[in-house]
Amino acid sequence: MLQVPYLRENTEKALSSLAKRNKDFSATVESIISVDESRRKLQNELDNLLAESNKISKIIGDLFKEGKREEADGMKARTTEIKEECKGVETNLSQLEEELKQLLYLVPNVPHESVVFGKGAEENEVVYSSGDITALGESKLPHWELCEKHKLIDFELGVKITGAGFPVYIGKGARLQRALINFFLEEAMKAGYTEHQVPHLVNEASGYGTGQLPDKEGQMYHVGVDDLYLIPTAEVPLTNLYRDVLLKEEQLPIKLTGYTPCFRREAGSYGKDVRGLNRLHQFDKVEIVQLSKQEDSYALLEDMVNHVKGLLNKLELPFRILRLCGGDMGFTSSLTFDFEVYSAAQERWLEVSSTSNFETFQANRLKCRYKGADGKTQLVHTLNGSALALPRIVAALLENHQDENGVRIPQALVPYCGFERI
RNA sequence: GGAAAGGUGGGUGAGUGGCUGAAACCAACAGUUUGCUAAACUGUCGUACGGGAAACUGUACCGGGGGUUCGAAUCCCCCCCUUUCCGCCA
């Protein structure tokens with residue numbers, strides 16, 4: 001959620017940046033500013049009424065002590081009057097506050113200056129690419145066929161016990177999952193991230209904290225009886241560890257990592273793009289999260305991008321990095337880099353990581369702040385990235401490293417797997 | 001699921017309807033002392049929204065929401081959460 005004073009003082013700048021999202025927010029922002037102005041006016045009115053009432057109450061108290069009971073009783077009339085007036089003002093005020101909140105929920109984060117205008121995914125900029133597109137022979141197979149051939153994943157079984165999008169990993173397929181999770185966690189640990197095992201269900205407040213609520217309510221599985229949500233990413237519990245927290249400057253940056261399964265309803269997506277491992281309702285992911293001082297966040301974003309680069313290089317996968325254009329960027333993000341791995345057998349790019357700086361957008365709702373050297377309290381910047389999500393990595397590994405004898409496991413992963421080939 | 005006890009500032013924790021935005025202690029910050037560190041001493045020290053160039057100042061906030069009262073952290077009602085005991089259980 002953006003901060004009203006920011007919008008008020010930087011209206012032009014905010015609007016021109018927001019326009020990069022290929023949507024016009026000027027009407028909403030204008031409403032925010034004008035509603036807030038009315039709000040402040042009413043607040044002032046109320047404050048003055050209350051100030052008067054407080055003053056009178058104090059005098060009455062003093063009169064009572066002096067035993068001037070009648071004089072005191074005489075003053076009560078005015079406070080009753082004030083109370084009536086306050087009621088009206090309060091009602092209007094809370095209405096305006098609610099209105100303001102709803103309006104603020106509509107405005108996404110202001111894109112970073114490096115973000116370009118764009119309507120959608122086609123306009124994302126490739127800012128880096130690494131590795132050659134793997135040349136595969138005629139016998140190349142997509143991962144879903146490789147999975148069947150080598151008995152790594154049984155999609156049908158998953159359908160039976162749960163439904164589509166809930167695969168069952170078997171044998172070397174299961175061990176590969178475990179190996180990847182451990183590999184990613186170890187690498188994150190070496191890079192200074194502290195591993196956390198967090199709950200896989202979160203409450204409503206956490207959903208609001210990181211911005212999944214109210215914007216993406218339908219994307220999360222909701223456990224009605226207990227009013228809890230299954231996490232769509234470890235970002236939610238990890239970042240919310242620092243909800244309502246006042247940090248000291250020297251504690252920053254805070255670097256967190258964790259493995260969790262992720263649950264996404266993915267309502268409305270069907271077809272060939274979601275075949276096999278390309279899109280699932282449940283998948284595994286290792287997430288990295290940072291909380292930082294405002295002035296450091298973009299350097300740290302760079303570090304996170306480099307960390308993910310390192311992982312993909314060790315897995316010997318060809319990939320590219322995209323800087324998302326305004327139209328394709330998530331609601332809460334200021335700047336996002338997507339990582340895509342080329343899948344030679346499917347002949348398409350698969351998104352395997354999304355690494356973003358949210359600046360103060362999440363921190364504002366989270367109320368995660370720190371006290372700077374100057375004694376001033378300010379919001380932290382939050383960042384996160386997938387490092388990495390498993391299913392498409394598995395797809396890419398299987399497809400890119402297949403040969404006539406099966407599938408080769410990249411060297412870096414062998415110690416974690418315990419086998420060199422599938 | 002049943003019973004009981006609790007929820008107060010960055011932390012611990014007092015708090016009799018008005019002198020309580022809130023004692024005390026810890027932490028933090030500034031200073032004095034000191035060869036350095038430590039200790040000791042002195043002072044400062046909550047958050048949010050307003051007004052003001054500033055000093056300063058108004059209001060709100062003691063889990064959340066209502067109510068009683070001229071006046072509520074304090075009394076009443078509802079809700080939420082935590083802890084402990086019992087039950088169930090990996």
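Each chain gets a letter, A, B and so on, in the order the sequences are listed, and its residues count up from 1.
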Return a table of donor-acceptor pairs under 3.5 angstrom between the side chains of residues 82-97 of chain A and protein atoms on other chains or two or more places apart.
residue	atom	partner	partner atom	Å
A/Thr91	OG1	A/Lys87	O	2.7
A/Ser94	OG	A/Glu90	O	3.3
A/Ser94	OG	A/Thr91	O	3.1

Side-chain polar contacts of residues 411-422 of chain A - donor-acceptor pairs under 3.5 angstrom, sequence neighbours left out - could you list them?
residue	atom	partner	partner atom	Å
A/Arg421	NH2	A/Asp403	OD1	2.6
A/Arg421	NH2	A/Asp403	OD2	2.9

Can you list, pair by pair, the side-chain donor-acceptor contacts under 3.5 Å of residues 391-398 of chain A, counting residues two or more places apart and other chains?
residue	atom	partner	partner atom	Å
A/Arg392	NE	A/Asn278	O	2.8
A/Arg392	NH1	A/Glu351	O	2.8
A/Arg392	NH2	A/Asn278	O	2.8

Considering only distance and modelled atom types, tabulate donor-acceptor pairs under 3.5 Å from the side chains of residues 282-291 of chain A, sequence neighbours left out.
residue	atom	partner	partner atom	Å
A/Asp284	OD1	A/Tyr259	OH	2.6
A/Asp284	OD2	A/Gln177	NE2	3.1
A/Lys285	NZ	A/Thr233	OG1	2.8
A/Lys285	NZ	A/Glu287	OE1	2.6
A/Gln290	NE2	A/Tyr193	OH	3.1

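In terms of the ring-ring contact (aromatic ring centres under 6.0 Å, His included) criterion, A/Phe263 has no residue partners (sequence neighbours excluded).
Counting only residues at least two apart or on different chains, the ring-ring contact (aromatic ring centres under 6.0 Å, His included) pairs with a member in residues 203-249 of chain A are A/His222-A/Tyr229. Sequence neighbours left out, the pairs with a member in residues 101-116 of chain A that pass side-chain hydrogen bond (donor to acceptor under 3.5 Å, both in side chains) are A/Glu98-A/Gln102, A/Asn109-A/Ser334, A/His112-A/Ser114.
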Nucleotide N/O of nucleotides 15-18 of chain B paired with protein N/O under 3.5 Å:
residue	atom	partner	partner atom	Å
B/G18	N2	A/Ser57	O	2.7

Would you tabulate the nitrogen or oxygen pairs shorter than 3.5 Å linking the protein to nucleotides 54-61 of chain B?
residue	atom	partner	partner atom	Å
B/G58	N2	A/Asp47	OD2	3.0
B/U59	OP1	A/Asn54	ND2	3.3
B/U59	O2'	A/Asp47	OD1	2.9

N/O-N/O pairs, protein side and nucleotides 25-31 of chain B side, under 3.5 Å:
none

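Ion pairing between a basic and an acidic side chain is recognised when a charged N comes within 4.0 Å of a carboxylate O; A/Arg40 and A/Glu37 show no such pairing.
Rounded to whole Å, atom C1' of B/G52 lies 14 Å from atom CZ of A/Arg40.
Residues from residues 74-86 of chain A placing a heavy atom under 4.0 Å of any atom in RNA chain B, listed by number, are A/Lys76, A/Thr79, A/Lys83.
Looking only at distances, no side-chain donor or acceptor of A/Ser53 sits under 3.5 Å from a matching main-chain atom of A/Leu49.
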Original post:
What would the secondary structure line of RNA chain B be in dot-bracket form, counting Watson-Crick and G-U wobble pairs under 3.5 Å, with [ ] for pairs that cross earlier ones and | for pairs with another strand?
Top reply: ((((((((.[[[..)..(.....]]].(((((.......))))).((((((....)))))).[[[[[..)....]]]]])))))))....

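The side chain of A/Leu246 lies closest to B/G10 when the candidates are B/G10, B/C49, B/G50.
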